[in-house]
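Working notes, structure below.
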Amino acid sequence: MAAAVIPPLDLAGDPVVAAEQLIGWTLLVDGVGGPIVETEAYRHDDPASHAFSGQTARNAVMFGPPGHIYVYLSYGIHWCMNISCGPPGVGSGVLIRALEPVEGVDRMRERRGDRPLRELTGGPGRVGQALGAGPWLAGRRADLRPPDRIRQVAATVRVGISKAVEQPWRFLDPDSPYVSRRPRRAA
DNA sequence: CCTAGGATTAGCT
DNA sequence: GCTAATCCTAGGC
């Protein structure tokens, strides 16, 4: 029988490509995490990107080497996790919007409360909380493991932004119950 | 210095 | 469906 084809992962190039390839890869922080099922790409020349206005102390990780963790505080409450992409100096990344809670579920529940699996890591703020994200993770190398199986990948428009809203740069596994919300088709 | 607003979520109507 | 919670950052004065 044919060997399973592991999708390639190239974080050093276009974050849109990386965001699609990352679906199915397992992300761990100190052993806690699981397969990524939803991402969004943020290009350097993208008005919706934190890197759009140039490098600052806060977004510096996006301008560093690919494969490192960029965290930011959303709405003053939620620490969201990204993986830096592209060649150093450019400034791009992929937001991790949802993953399947597989490794360290107990620790996720310690951090998120005793909630059903679907509510542990479905949403960028939830992923951050479940994996213990905060400023202390900034710049750490992302712990990524290859997919254990092939997944479907659907592209939709991104969520919660006010600029470049038409770009279909959100990717998700349409068969996973752990995505943050049902897919909406790109216009 | 001061202010507006955000890559969101939870809880209530 | 609507909105409060909560705080950091960029940008304007």
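Just so it is clear, the model here is predicted, and its values are computed rather than measured.
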Nucleotide N/O to protein N/O under 3.5 Å, stretch nucleotides 8-13 of chain B:
{"from": "B/dT8", "atom 1": "OP1", "to": "A/R97", "atom 2": "NH1", "distance (Å)": "3.2"}
{"from": "B/dT8", "atom 1": "OP2", "to": "A/G160", "atom 2": "O", "distance (Å)": "3.3"}
{"from": "B/dT8", "atom 1": "O4'", "to": "A/S74", "atom 2": "OG", "distance (Å)": "3.4"}
{"from": "B/dT8", "atom 1": "O2", "to": "A/H78", "atom 2": "NE2", "distance (Å)": "2.6"}
{"from": "B/dT9", "atom 1": "OP1", "to": "A/P124", "atom 2": "N", "distance (Å)": "3.0"}
{"from": "B/dT9", "atom 1": "OP1", "to": "A/G125", "atom 2": "N", "distance (Å)": "3.0"}
{"from": "B/dT9", "atom 1": "O4'", "to": "A/H78", "atom 2": "NE2", "distance (Å)": "3.1"}
{"from": "B/dA10", "atom 1": "OP1", "to": "A/R112", "atom 2": "NH1", "distance (Å)": "3.3"}
{"from": "B/dA10", "atom 1": "OP1", "to": "A/R112", "atom 2": "NH2", "distance (Å)": "2.9"}
{"from": "B/dA10", "atom 1": "OP2", "to": "A/R126", "atom 2": "NE", "distance (Å)": "2.9"}
{"from": "B/dA10", "atom 1": "OP2", "to": "A/R126", "atom 2": "NH2", "distance (Å)": "2.3"}

Subject >> Note: A/D14-A/R43 ion pair, threshold 4.0 Å (strictly below) >> reply: yes
Subject >> Basic-acidic side-chain contact under 4.0 Å: A/E100, A/R151 >> reply: yes
Original post:
Same cluster or not: are A/L9 and A/V17 linked, directly or through other Ile, Leu, Val, Met, Phe, Trp or Tyr residues, by side-chain heavy atoms under 4.5 angstrom apart?
Top reply: no
Original post:
Is there a path from A/V159 to A/V127 through hydrophobic residues (I, L, V, M, F, W, Y) whose side chains come within less than 4.5 Å of each other?
Top reply: no
**OP:** For the pair A/Q129 (side chain) and A/H78 (backbone), establish whether a donor and an acceptor sit closer than 3.5 Å, ignoring hydrogens and angles.
**Re:** no
Original post:
Can you check whether A/F171's main-chain N or O pairs, donor with acceptor, with A/E20's side chain at less than 3.5 Å?
Top reply: no
Could you go through residues 60-72 of chain A and list every donor-acceptor pair under 3.5 Å that involves a side-chain atom there, pairing it with any protein atom two or more places apart or in another chain?
{"from": "A/H68", "atom 1": "ND1", "to": "A/G139", "atom 2": "O", "distance (Å)": "2.9"}
{"from": "A/Y70", "atom 1": "OH", "to": "A/H50", "atom 2": "ND1", "distance (Å)": "2.8"}

Original post:
Quantified in whole Å, what is the C1' atom distance between nucleotide B/dA7 and nucleotide C/dG1?
Top reply: 22 Å
Original post:
How far, in whole Å, is B/dC2 from C/dT6 if one measures between their P atoms?
Top reply: 23 Å
Original post:
What string of B, S and - do you get for nucleotides 8-13 of chain C, 5' to 3', when a contact is any protein heavy atom under 4.0 Å?
Top reply: SSSS--
Original post:
So with a 6.0 Å cut-off around CD of A/E119, is the heavy-atom count from everything else above 12?
Top reply: yes
Original post:
Among pairs that include at least one residue of residues 28-38 of chain A, which meet side-chain hydrogen bond (donor to acceptor under 3.5 Å, both in side chains), considering only residues two or more places apart or in two chains?
Top reply: A/D30-A/R140, A/E38-A/R97, A/E38-A/R170, A/E38-A/S180
Original post:
Dot-bracket, DNA chain C: Watson-Crick or G-U, under 3.5 angstrom, [ ] crossing, | other strand?
Top reply: |||||.||||||.
Original post:
Who pairs with A/S53 by side-chain contact (heavy atoms from CB on, under 4.5 Å), at least two apart in sequence or on another chain?
Top reply: none
Subject >> A/K163 NZ to B/dG5 P, straight-line distance once rounded to whole Å >> reply: 11 Å
